[in-house]
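To start, the structure under review is shown below, and the notes come after it.
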Amino acid sequence: AQRVTQPEKLLSVFKGAPVELKCNYSYSGSPELFWYVQYSRQRLQLLLRHISRESIKGFTADLNKGETSFHLKKPFAQEEDSAMYYCALRGSNYQLIWGAGTKLIIKP
Amino acid sequence: DAGVTQSPTHLIKTRGQHVTLRCSPISGHKSVSWYQQVLGQGPQFIFQYYEKEERGRGNFPDRFSARQFPNYSSELNVNALLLGDSALYLCASSLGQLRTDTQYFGPGTRLTVL
């Protein structure tokens with residue numbers, strides 16, 4: 001089965017604290033994973049993808065095939081990071097399979 | 001470029017009615033995908049069209065159908081609406097069908113079925 005699990009519906013951290021948004025996946029084969037972000041009143045937008053191995057807005061995510069995880073991390077949270085974050089997996093038919101999302105709140 | 005556009009923004013229908021949602025992709029993009037997002041959940045894949053042909057279909061009943069036009073715009077049709085069809089319907093476009101293609105999302109159409 002192809003599935004993405006984001007165990008936390010809500011994550012609240014203080015500004016300047018580290019952030020880790022969890023994502024676990026189920027997929028047979030080589031997965032292609034993404035993190036999308038949706039800021040308040042804006043559309044979904046791609047944050048990063050594992051094949052690019054890039055850091056966007058200070059966020060990084062490492063694919064761990066052994067643990068089937070793709071956690072999103074940032075060492076020092078900023079207030080503008082408050083948003084809804086979705087982890088997604090490219091399925092065998094090219095479609096995206098999504099987690100339920102984690103709402104990140106950065107407290108001042 | 002305004003990005004992916006969708007119309008209408010909001011729509012209210014009653015059970016049993018039919019609805020048509022529209023999507024215009026980014027200029028140059030040939031692939032359009034449709035997703036349903038129920039409140040509190042992530043998007044669920046409905047269809048993908050590429051070069052006017054259906055290339056993928058999610059686990060949705062036959063009441064859901066779509067098509068893509070020669071200008072690559074797309075319509076999603078839902079017949080015999082049920083209360084459970086109330087959701088945000090998202091359209092995403094991408095250049096082609098390569099696994100490396102990024103999907104760009106529209107703002108969505110909020111459908112309420114009463």
Side-chain angles (χ1 to χ4, degrees), chain A residues 1-11 21-27 29-54 56 63 70 72 83-104, chain B residues 1-7 9-10 23-26 29-51 53-60 64 66 87-110:
Chain A
Q2 301 172 69
R3 187 170 57 245
V4 175
T5 303
Q6 293 180 252
E8 304 141 328
K9 285 198 169 183
L10 175 67
L11 184 64
L21 299 164
K22 291 184 167 51
C23 172
N24 289 91
Y25 67 91
S26 173
Y27 185 74
S30 289
E32 187 177 352
L33 288 149
F34 305 82
W35 277 99
Y36 277 81
V37 62
Q38 187 168 28
Y39 300 103
S40 180
R41 295 192 181 88
Q42 295 186 27
R43 60 187 69 187
L44 270 171
Q45 56 185 286
L46 180 66
L47 181 62
L48 55 79
R49 56 200 304 174
H50 90 273
I51 59 171
S52 301
R53 300 191 65 80
E54 55 191 345
I56 305 293
L63 177 61
F70 188 56
L72 183 69
M84 196 75 190
Y85 290 80
Y86 293 94
C87 181
L89 165 72
R90 179 96 71 184
S92 52
N93 291 329
Y94 296 99
Q95 81 278 19
L96 292 177
I97 300 163
W98 300 74
T102 298
K103 184 172 184 177
L104 177 64
Chain B
D1 196 338
V4 178
T5 59
Q6 293 186 242
S7 62
T9 308
H10 297 88
C23 171
S24 291
I26 291 171
H29 284 194
K30 298 182 178 180
S31 180
V32 169
S33 297
W34 286 95
Y35 295 86
Q36 181 196 64
Q37 187 175 19
V38 173
L39 197 62
Q41 297 181 20
Q44 275 207 293
F45 172 71
I46 310 176
F47 287 109
Q48 185 195 27
Y49 276 77
Y50 174 67
E51 288 284 14
E53 289 190 12
E54 182 182 303
R55 294 304 180 98
R57 185 184 185 113
N59 189 23
F60 280 80
F64 288 77
L88 181 68
Y89 288 84
L90 295 167
C91 173
S93 77
S94 57
L95 272 171
Q97 211 186 356
L98 296 177
R99 294 187 71 85
T100 53
D101 287 342
T102 298
Q103 293 196 3
Y104 295 86
F105 283 81
T109 292
R110 173 75 61 187

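When reading the values below, keep in mind they use all heavy atoms of this one structure, side chains included, and skip hydrogens, waters and symmetry mates. A note on names: the letters A, B, ... follow the listed sequences, proteins ahead of strands, and every chain is numbered from 1. Predicted model, so just to flag it, every value in this text is computed and none were measured.
If you measure heavy-atom distances from B:Y35 to chain A, the contacts under 4.5 Å come from the side chain alone. Of the two parts of B:Q41, only the backbone, made up of N, CA, C and O, holds a non-hydrogen atom closer than 4.5 Å to a non-hydrogen atom of chain A. Residue contact with chain A, scored on non-hydrogen atoms closer than 4.5 Å, involves the side chain of B:Q37 exclusively.
Ranking B:G108, B:S33, B:G56, B:G106 against chain A, the residue ahead of the rest is B:G106, based on heavy-atom pairs under 4.5 Å.
For the pair A:L44 and B:P43, the minimum side-chain heavy-atom distance is below 4.5 Å. Looking at heavy atoms from C-beta onward, B:F105 lies out of side-chain contact with A:Q42 at the 4.5 angstrom threshold.
Considering OG1 of B:T102 and CD of A:Q45, their distance stands at 12.0 Å, rounded to 0.5 Å.
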Inset, instruction - Check the pair A:R90 / B:Q103 against side chain to side chain contact (heavy atoms under 4.5 Å, CB included), numbers first and verdict last. - result: CA-CA 11 Å; A:R90 179 96 71 184; B:Q103 293 196 3; 4.2 Å; yes

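The two residues B:G3 and A:R43 make their nearest non-hydrogen contact at C-NH1, 4.3 Å.
Residue A:L10 places its CG atom among more than 12 non-hydrogen atoms of other residues, nucleotides or ligands, all under 6.0 Å distant.
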